[in-house]
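Take a look at the structure set out below.
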Amino acid sequence: MPTKSKPSAAKRPIDTPDTTVGVETLVAPGAELHQQAADEATQLTTNQGVPIGDNQNSLKAGARGPVLLQDFILREKIMHFDHERIPERVVHARGSAAHGFFECLEDLSEITTADFLQRPGERIPVFTRFSTVAGNKGSMDLARDVRGFAVKFYTQQGNFDLVGNNIPVFFIQDAIKFPDLIHAAKQDPDREFPQAQTAHDTFWDYISLTPESLHMVMWIMSDRTIPRSYRMMEGFGVHTFRLVNAAGESTFVKFHWRPKLNAQSVIWDEALKINGADPDFHRRDLWEAIDNGDFPEWEFCLQTFSQEEADALPFDVLDATKLIPEEVIPLRVVGRMVLDRNPDNFFAETEQVAYCASHVVPGIDFTNDPLLQGRLFSYQDTQLKRLGSANFHQIPINQPRCPFHNLQRDGHMQMAVPKGQVNYEPSSLGEDIKRESQASGYRTFPSLETGEQLRIRPETFADHYSQARLFFLSQTQPERDHIVAALIFELSKCNVARVRTAMLSRLVNIDESLAARVAAGLGVKEPIVAAPAPVPAQDLEPSPALSILAKAAPGLMGRKVGALVTDGVDDAVLDALKAAVEDAGAKLAIIAPTITGVTSAGGQLIPADFRVDGGPSVLFDAVAVLPSDEGGAALALEAAAVNFVRDAFGHLKVIAYLPAAAPLFVKGGLSDANPDADGGLINLPTKAVGDFIVAAQAGRIWAREPLVRKVY
């Protein structure tokens, strides 16, 4: 790819001081920060004692060129990180997966030779794994965290691993920084806590010194990192890739997964309580949906663009901290993925599946994105350590579904029995020896690369604030409020005042009102001094596609409704509710004082799905409270039943109720709640079950939020 802005050798020296930190910190042309050693005793070195001159940039052929294999500093740092955990994954340790199929919907032969994108209607197998990033295997599902979204396509030309996240950008621009990012986010090494959370000093200290992370910070502080379900998550390939057609022509591409059930999230207090009530909430939801035949489905979408279009964008497409708004380059739906079978064995499949960013097929190629370039090495290296052998591809879940054969032999855990005397090529001994094919073999796009061998970030990577501002200002008001609240919560967990002050100095470069609101929540009275911004934030056109709520479609498809009942429940009301919920594509769960269930007014035994203290309202998207007169009074004596109603109201859910539920509302402090002013309170004698369904389909009652929690 031609260089957009090639810094000259004269511009390489680090020159601009950063006054926001108490150490000698300097800014490079690419706007990344470099902390300098004060003397020999504080000099960073390799494991061999070689002094390191740049720990922020990998060695490239030119500022925007490919990363070089000779970079021993990058390889040592990444390899050590890859081998730090056995057998658990270092990142993405907690995950769930499912089998399914990918169906091509459009012939893409004009832009790629990738075999699985040629014939509309053709299906191939896939295995898809969702995961959290920071937590260990035993952590909870609803941690505020990025979610991994990795798909293994078993194509007829080999396996293609699209290893992405539920967020389209990432924290860092260069893979050499990845070990530091994860070390900062993980548990502190001296105390091994906190688990599966970034609300601690080391993470925010790192972020405060890594301004390129600010765009990602807006995403991770948003509701995107507390999804309602894996089935309701978007997925992204993050990087810019290439598609190459039969004529050898290249088209840039960004990969997207769009859920059929739309993207949905929970709110923070709800996430905390779900983690207590069911730490396996996402795992259970995915398993049960597939088990019940409600197969999750996603559209596979592409953003495709030319070199000329890339050059015209106000950012560098090789920068993984940037995205292309859908309003600028619309999504093109070219396929769909359906997950229709749960694993037979968690360890053999979900735990042993090995995704590698370097696993591509003919027609798909890489770009010089320096984060992607590092991943091409790191994933393979990690699997060698975690699965114990270069033969990890022979594990059934990792095996290609097309014929595969080569001359590689032996090695730890060799499961095949190769025959014959020849294990080299070229050879004249044996007619069946496998050989290369220039006609059908993988061809790398012949991109012209020139440049000095440099550790440098291009100046086109230097704008760290414009897209962070774009994301924040593209959110609806409730979503902005949640970002502010998340930042206040996380920074309040930091014990070092400098970290909080430094983060405010970064946030003010994104949006002054954002920084002021966070400062108010932290109790900071002093004026906020903005950190130096080599490239001030630009006002970009808002992108409603970046907001979950702005593009949310009404509906209950794939959701769960909880009905709290007692003996004497009205048969007609419960039957009408069940029918309406199922007609809307949702499931109705019965919560009762005992797990045996209740006897309705008509003498029918209604089995329970949950006992009242095991089925809190946080597990459901909307609730109905349907006790008998006697049952309502009895439930008011149960704290779990009172909290069922109180939490449902506090989590802004639609609540259908009978007059007999009044004691619960009184005990829960909700007696002043006004059904006439609150569209989420459905008094069933006054309104019909259909009104409850319509209100629940519209989603949460956001107007209620300022009444139940402080909004800064």
Side-chain angles (χ1 to χ4, degrees), residues 1-6 63-66 104-114 116-118 160 162-165 167-170 173 215 234-258 299-335 357 360-373 375 443-449 458-463 466-467 470-471 474 538 540-546 551:
M1 181 188 293
T3 300
K4 290 181 113 177
S5 176
K6 179 181 177 182
R64 297 181 74 250
C104 177
L105 298 179
E106 185 178 340
D107 177 2
L108 295 181
S109 58
E110 83 280 5
I111 57 174
T112 182
T113 60
F116 71 104
L117 294 175
Q118 305 296 307
F160 169 43
L162 183 52
V163 195
N165 291 326
I167 291 175
V169 295
F170 202 63
Q173 297 170 326
H215 185 197
E234 293 182 319
F236 304 91
V238 179
H239 307 284
T240 298
F241 290 83
R242 291 184 188 273
L243 297 178
V244 183
N245 66 12
E249 299 165 330
S250 167
T251 301
F252 291 125
V253 64
K254 284 185 174 287
F255 297 111
H256 296 247
W257 295 106
R258 197 160 55 186
E299 292 178 322
F300 185 54
C301 311
L302 309 180
Q303 281 181 305
T304 55
F305 50 102
S306 66
Q307 178 70 64
E308 292 70 30
E309 289 171 309
D311 292 339
L313 293 169
F315 60 89
D316 198 320
V317 298
L318 301 185
D319 180 354
T321 69
K322 305 298 189 296
L323 56 81
I324 304 177
E326 293 178 30
E327 292 82 0
V328 175
I329 298 181
L331 301 189
R332 177 180 178 182
V333 181
V334 300
V360 294
V361 294
I364 299 176
D365 204 349
F366 312 113
T367 61
N368 291 342
D369 174 342
L371 179 61
L372 173 61
Q373 290 274 311
R375 291 179 74 201
R443 291 188 178 184
T444 298
F445 179 73
S447 176
L448 179 64
E449 306 290 356
E459 293 181 26
T460 50
F461 280 35
D463 183 355
S466 295
Q467 288 211 347
L470 166 68
F471 180 80
S474 297
Q538 307 298 307
L540 304 176
E541 192 68 27
S543 170
L546 298 178
K551 62 181 182 182

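Because only heavy atoms are used, hydrogens play no part in the values below, and waters and symmetry mates are left out as well, while side chains stay in.
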Under 3.5 Å: donor-acceptor pair, side chain of [X], backbone of [Y]:
X      : Y      : answer
Lys254 : Phe241 : no
Arg375 : Val163 : yes
Asp365 : Thr444 : no
Lys322 : Asp463 : yes
Asn165 : Ile167 : no
Gln303 : Ile324 : yes

Return the minimal non-hydrogen interatomic distance between [X] and [Y], and the atom names on each side.
X      : Y      : answer
Phe305 : Thr251 : O-CG2, 3.7 Å
Leu470 : Pro325 : CD2-CG, 4.1 Å
Leu371 : Ala320 : CD2-CB, 3.7 Å
His215 : Thr321 : ND1-O, 2.8 Å

Close side-chain approach of [X] to [Y], heavy-atom, < 4.5 Å:
X      : Y      : result
Val253 : Thr112 : no
Phe471 : Val169 : no
Leu318 : Arg64  : yes
Pro66  : Glu449 : yes
Phe461 : Pro370 : yes

Can you see whether Ser109 engages Asp107 through a side-chain donor-acceptor pair at a distance of less than 3.5 angstrom? yes
[atom1]/[X] to [atom2]/[Y] distance, rounded to the nearest 0.5 angstrom?
X      : Y      : atom1 : atom2 : result
Asp369 : Gln173 : CG    : CD    : 9.5 Å
Ser306 : Glu249 : OG    : CD    : 12.0 Å
Phe170 : Leu323 : CZ    : CG    : 15.0 Å
Thr240 : Asn368 : OG1   : CG    : 11.0 Å
Ile111 : Glu106 : CD1   : CD    : 7.5 Å
Leu302 : Ile329 : CG    : CD1   : 11.5 Å

With Glu326, which residues qualify under salt bridge (charged side-chain N to carboxylate O under 4.0 Å, His left out), at least two apart? none
Arg258: salt bridge (charged side-chain N to carboxylate O under 4.0 Å, His left out) partners, not counting sequence neighbours: Glu299
Could you work out, with side-chain contact (heavy atoms from CB on, under 4.5 Å) as the rule, every residue matching [X], not counting sequence neighbours?
X      : value
Phe236 : Pro168, Glu234, His256
Pro544 : Glu327, Ala550
Ser250 : Arg242, Phe445
Val360 : Phe160, Ile364, Phe366, Tyr442

Verdict with supporting geometry, Phe116 and Val361, side chain to side chain contact (heavy atoms under 4.5 Å, CB included): CA-CA 10 Å; Phe116 71 104; Val361 294; 4.2 Å; yes
Phe252 and side-chain contact (heavy atoms from CB on, under 4.5 Å): which partner among Leu243, Thr304, Thr367? Thr367
